[in-house]
Every structure is written in C-alpha cells, then in structure tokens.
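Data block below; observations after.
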Amino acid sequence: MRGFGIASAAAALVATTSLFVSQVAAQNDVDPIVIKGSKFFYKSNGTQFYIKGVAYQQDYQGGGNSSSSESDDQYTDPLQVDNLKRDIPYLKQLMTNTIRVYAVNPENDHQEAMSMLADAGIYVVADLSQPGNSINRNSPAWNDQLYARYTAVIDEMSKYSNTLGYFAGNEVSNQPNNTDASAFVKAAVRDSKAYIKKQGYRDIGVGYATNDDADIRENMANYFNCGDQEDAIDFWGYNIYSWCGDSSFTESGYDVRTKEFSTYSVPVFFAEYGCNEVSPRDFTDTPVLYGDKMNDVWSGGIVYMYFQEDNDYGLVSVDGDSVKPNQDFSNLASQLSKVSATGTQMSAYNPTASPAECPEVSTSSWAAKATPLPPTPNQELCSCMYNSLKCVISSDVDQDNYGDLFGTVCGLGDGSQCDGITANATTGNYGAYSMCNSTEQIAFVLNQYYQAQSGSNQASACDFDGSATTKATQAPGATCSSLLQMAGSAGTNSVSVQPSVTGAGAASSETGGSGSGSGSDSDSSGSSSGSSGSMTAVPSVEFGILPVAFMATVAAVSGFGMLLL
Ligand SMILES: *[C@@H]1O[C@H](CO)[C@@H](O)[C@H](O)[C@H]1NC(C)=O
Ligand SMILES: *[C@@H]1O[C@H](CO)[C@@H](O)[C@H](O)[C@H]1NC(C)=O
Ligand SMILES: *[C@@H]1O[C@H](CO)[C@@H](O)[C@H](O)[C@H]1NC(C)=O
Ligand SMILES: *[C@@H]1O[C@H](CO)[C@@H](O)[C@H](O)[C@H]1NC(C)=O
Ligand SMILES: *[C@@H]1O[C@H](CO)[C@@H](O)[C@H](O)[C@H]1NC(C)=O
C-alpha cells in the first residue's frame, strides 16, 4: 500500500508540473536489465534478474471473435494510468517485477504509465504485434504493414528504462505443417533487432514466445537460436501449461524441459504459465521454478494472467475501480513468498553455451529453411516499383477479389510473372516484392504479364475484364533506380538495403482481423494451454488472404484466364 502512495504522489507531481519531471523519473527510476549469456542482470550492480511476472492485458480479442470486426483496434492499451494506479498495489503483493503486455498502442504516450511502473520496480515485456496485425501461421508474411507496426511500438517503448524486452511473435507455429511461418517470425526478429540498432536505442532484447508443442518444440527452440546471431532471438519465452494441480517436477515434464534448455545460449523463461485444469490454482510449480532444480537454467516466469475473464485464468476480478483478489491470488502470493533465488553475479559468470544447430528441412517435421530468411520489408522499394508500373489494378476492384485475380494472372503461361511476389520458406525462394502490400503485388504481376505481350496483343493485355488499367509512369529518381535495379526486372533478386522509412507515423494498418489464426491447442505433456487461444495472432485481412486464395485459385481459374485473353 505504501508503494501505491508513492506512485500516486509521483503521478500527481507529473500531472501538475512539467513533462521534464516525468522524463527524469522514467529515465532514472530503474536500472535497465541486460543480457549476458543465458541470464538477465541488473545493469549497474550485476545482480542476476529473475522475472517474477504477471500477464497484464484486459479484453484482448485475439480469438475467433474478431472475425466480424473491420477495425484493427480490437485491443485496449493495457498501459493506462488509471488502471495501473488501481492495479499496481496488487501486483506488488505478488512481488511482481515484470508485466507482459500483448498489444500496446504506439500512438499513445506511455510516459506516465511507465513511470508509475518504474516506481514500483516493474519492468515491461511487450509483444510487438496486435490482433489485427500479426504474423498468421496459415498464410505467413513479414511485410511493410507489420514492419510499420513493430517499429512504431519499438519507437514508443524503447524510451523507457523499464522496458525489458520485446516479443516478435507469440505461438505462431504450432504444428509441423505450419513451421514455415517461423521463417517470417525470425525475419521479424532480425529486422526488429536491426531497427533498434539503427535508431541507436538502448540494447533491448527481442525474443519469441513459443507454444509448448511436443512435435516441434525442439526444432523451434533451435531454429530461432541458430545461425547468424544478428538474426537470432535474444531470449526465448516458453508458454507452458503442463503442471496442473498437485503435479511434480518429473510428472509435469519440467525436468525434461530444463534439461533441454540447460545448454541454451540465451535466457529462457516461462512467458506464460499457470495451468487451470485444477482450480483454484495452487501454483506448487512456482517454488520449483525459482528453486535449485531450475533456477540455473530458467530466468523465472510470467503467470497467466491478472484479469479474470471468460477463460478463467484471472488472479483478480476487476469491476470499475474495485479489485477483488481470488483464491489463486493468495495462493500465488504465498508460493512467491518462499522464493529466494539469488543466482550468480554478472562478473563471476562466464557463459560457455553456443548457439544451437539449425534444423534441416524435412517433410514430416520442419518446413522452414534457416537461410535465406524472408526479405526485409522496404516500403520505399515497393512504392518505387509501383510508380514504375504501366499496368496496375483498377481502384474499383475490392481487395477481397484480389485472390481470384492472382489466381488468374499467375495461372497464365509458366507463371513466372509471379516469381517476384512469391515467398516460400521451405525452398527459401523469396521474391523481392514478397513483402509489399497486395495492391502493389497484384499490380506487379499484372504489369509483368502486360510487358510480356507483344505488339497488338499488348494493347488489350492490361484489362482482365476491367480489373486492370494502364497508368502514367514516373521516371524513377536515383534511389528508386538503384533499388529497382537490385530487385531485377523479374523481382527475383534480393535487395539487401535497410529501409529508410521508420515506424513513426506509419503504424496504422488498413484492415482488421479476419477469422482464425488463433490456436489454443497445445500438445504439451498432458495439458493444453487454454489461454493461448485468446492471445494468439489473428491474421490481417489483406495479407492473410493472399497466399491461401492464391494457391486455391490458381488451378481453378487459370483456364478461365486463358479464355479471357
Ligand atoms: C541491484 O540493484 C537492484 C535494482 O536496483 C536491487 O533490487 C538489488 O538488490 C541490487 N543488488 C544488490 C546486491 O544490492
Ligand atoms: C465470443 O463471441 C461469443 C458469441 O458472440 C460470446 O458468447 C463470447 O463471450 C465471446 N468471447 C469473448 C472472449 O468475447
Ligand atoms: C496440418 O497437420 C494437422 C495435423 O497435424 C492437420 O490436422 C491439418 O489439416 C494440416 N494442415 C494442412 C494445411 O495440411
Ligand atoms: C499499398 O501500396 C499502394 C501503392 O504503393 C499505396 O498507394 C497504398 O497506400 C498502399 N496501401 C497501404 C495500406 O499502405
Ligand atoms: C513451397 O515450395 C514447395 C516445393 O515447390 C511446395 O511443395 C510447397 O507447397 C510450397 N509452399 C508454399 C507455402 O507455397
């Protein structure tokens, strides 16, 4: 309760004086967390840092319910001053030093909220996606729209000394046949890290939060950790729900997981835990997680979750200004009071683990090639390309119909007109324009087709029943010329240039969530993660629909396309 008083006083001070005060507070209040080897440390005194975390996001509509909405704002920014004022006292009773937030709005100013958390000694791990704009396991992409979202969140959150890290994805791949999606997530890790570096921000780690799926968990952990470390995760979050009720270290499989990660080269922690198959939850795993058997390998964990909602994982019930802790809350508090992991001192720690070997592509178990990864989104390259085209999509074609048109155009001839926009993580073939938006992509293929026709045929080749139309082209400037030249006329070369466009101001996305993408299933040893369903990526309409529609329609409509022409 004392902490609450301090936090309120700080908030009041900020409100009544200048921004300067809160800036100073935000920058000085906490010691940033740094990574060395597979452990976290307080930067200035080198004490090891164990995450004592709580997932903190209300009404997060990640699941199938978002299909009807056209808006991408299906989430409420969890970092709100009034709510934090209400909740921080309870988080402190749980000895919380970290909260995980799944979707923050980068257009909001989080100065005061982050200051209040800092005053309470609480760090934040933020996911970079949001429900309407995240990597979809069924038709994965890493594109301009996602890049704008990720970098906008990085721009906003990197200002605060209590930002502990970012998640570039949460439970995207969940079975062998969608492991190709992990290539796009790893590209997101790579580009988020490069962006932090390029902007000169503090060295904040970028990780991934994985599903505990028996078929893919080892390959997943290895894939994200292997190869060039500029592309690899800085930490690994493990969402695990295999300790239910009165379980044990061995029965839960925690023993095997611990062994698996005992040689991992970056920090690993539970990014969500707290099975609710037996209720109330007694959290008998908590002292084990921070105890001798596990605390040399794991950096603590994040309990799922603060708010009681339909999925029944809440530690408290919130109604307006009132907070009612439930039995889980007191059980967790009592378990945490037994925890006293001290770990090792940074200066005394000499990491020896090296990165894992990359998994090989295999039809039955792993579908993502380790290199090359998907290209870095580059909006400038895409608009240079678009501006150079003579034949584009008519503005009156609804985006919902792009899929059919892709099918038609790509089904013509040998299909090579589409090489510049395809992305295949299993073969490692990525067109330079595979990260562009769908308007640019469809225009690119229409134009490729158009350019390939000769003489009198050409006049009628930019039509497709009125779907395509010719436009004036702009002479490309020097930058565009050089970018376009790198991509090559077929768009099949790789363009290895960091985008010059940053996240700021580019955060808004055009479309909202569509249908599925939310996988609640997890075949962890004897348990399923009920929470992950509400927390998983929902695909965006525009980018979600393309590859699926594309594959499905190529065969069906290519004949029709032939007739048309
Ligand atoms: C190191 O700093 C942290 C945060 O300021 C503090 O909680 C911890 O107790 C310090 N360690 C020691 C050994 O003083
Ligand atoms: C999802 O929609 C159904 C039916 O409209 C509703 O009963 C359910 O409560 C919704 N779930 C959430 C998490 O909002
Ligand atoms: C992927 O595999 C699962 C079973 O592991 C199966 O149910 C699903 O239909 C498969 N999906 C595709 C697209 O093949
Ligand atoms: C998609 O690309 C076109 C052409 O570059 C551009 O005009 C349009 O604004 C882009 N759409 C979005 C949502 O960014
Ligand atoms: C990638 O290419 C392989 C080999 O051509 C093919 O079997 C697979 O279906 C392709 N994957 C996607 C997602 O298109």
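Keep in mind that what you see is a predicted model, and the values were worked out from it rather than measured. Throughout, numbering of the chain's residues begins at 1 and tracks the sequence. Numbering of ligands and ligand atoms starts at 1, following listing order.
Taking the side-chain contact (heavy atoms from CB on, under 4.5 Å) definition, one finds that V125 meets it with T98, L164, F167, sequence neighbours left out.
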Report, one line per pair, each donor and acceptor closer than 3.5 Å where one atom sits in a side chain of residues 178-190; sequence neighbours left out.
residue, atom, partner, partner atom, Å
N178, OD1, N174, N, 2.9
N178, OD1, Q175, N, 3.1
N178, ND2, N174, OD1, 2.8
T179, OG1, P176, O, 2.7
T179, OG1, A367, N, 2.9
S182, OG, S173, OG, 2.8
K186, NZ, Y223, O, 2.7
K186, NZ, C226, O, 3.0
R190, NH1, P374, O, 3.0
R190, NH2, P374, O, 2.7
R190, NH2, T376, OG1, 3.3

Show every donor-acceptor pair shorter than 3.5 Å between a side-chain atom in residues 475-485 and any protein atom, with sequence neighbours excluded, or say none if there are none.
residue, atom, partner, partner atom, Å
S481, OG, G477, O, 3.0

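Atom NZ of K390 has 12 or fewer neighbouring heavy atoms from other residues, nucleotides or ligands inside a 6.0 Å radius. Shown here is Q458, whose CD atom has more than 12 heavy atoms of other residues, nucleotides or ligands within 6.0 Å.
Every atom of ligand 4 with a heavy atom of N437 under 4.0 Å away is listed here by number and element: 1 (C), 2 (O), 3 (C), 8 (C), 10 (C), 11 (N), 12 (C), 14 (O).
For ligand 4, the polar-atom distance check against E440 finds a nitrogen or oxygen pair separated by under 3.5 Å. In terms of polar-atom proximity, S383 is not counted as a contact of ligand 4, lacking any N or O under 3.5 Å from an N or O of the ligand.
Within 4.0 Å of ligand 3, counting heavy atoms only, the contacting residues are Q175, N177.
In this model, a donor atom of one side chain and an acceptor atom of the other lie less than 3.5 Å apart for W142 and D191.
By the 30° and 60° cut-offs, the orientation of the rings of Y254 relative to W243 is tilted.
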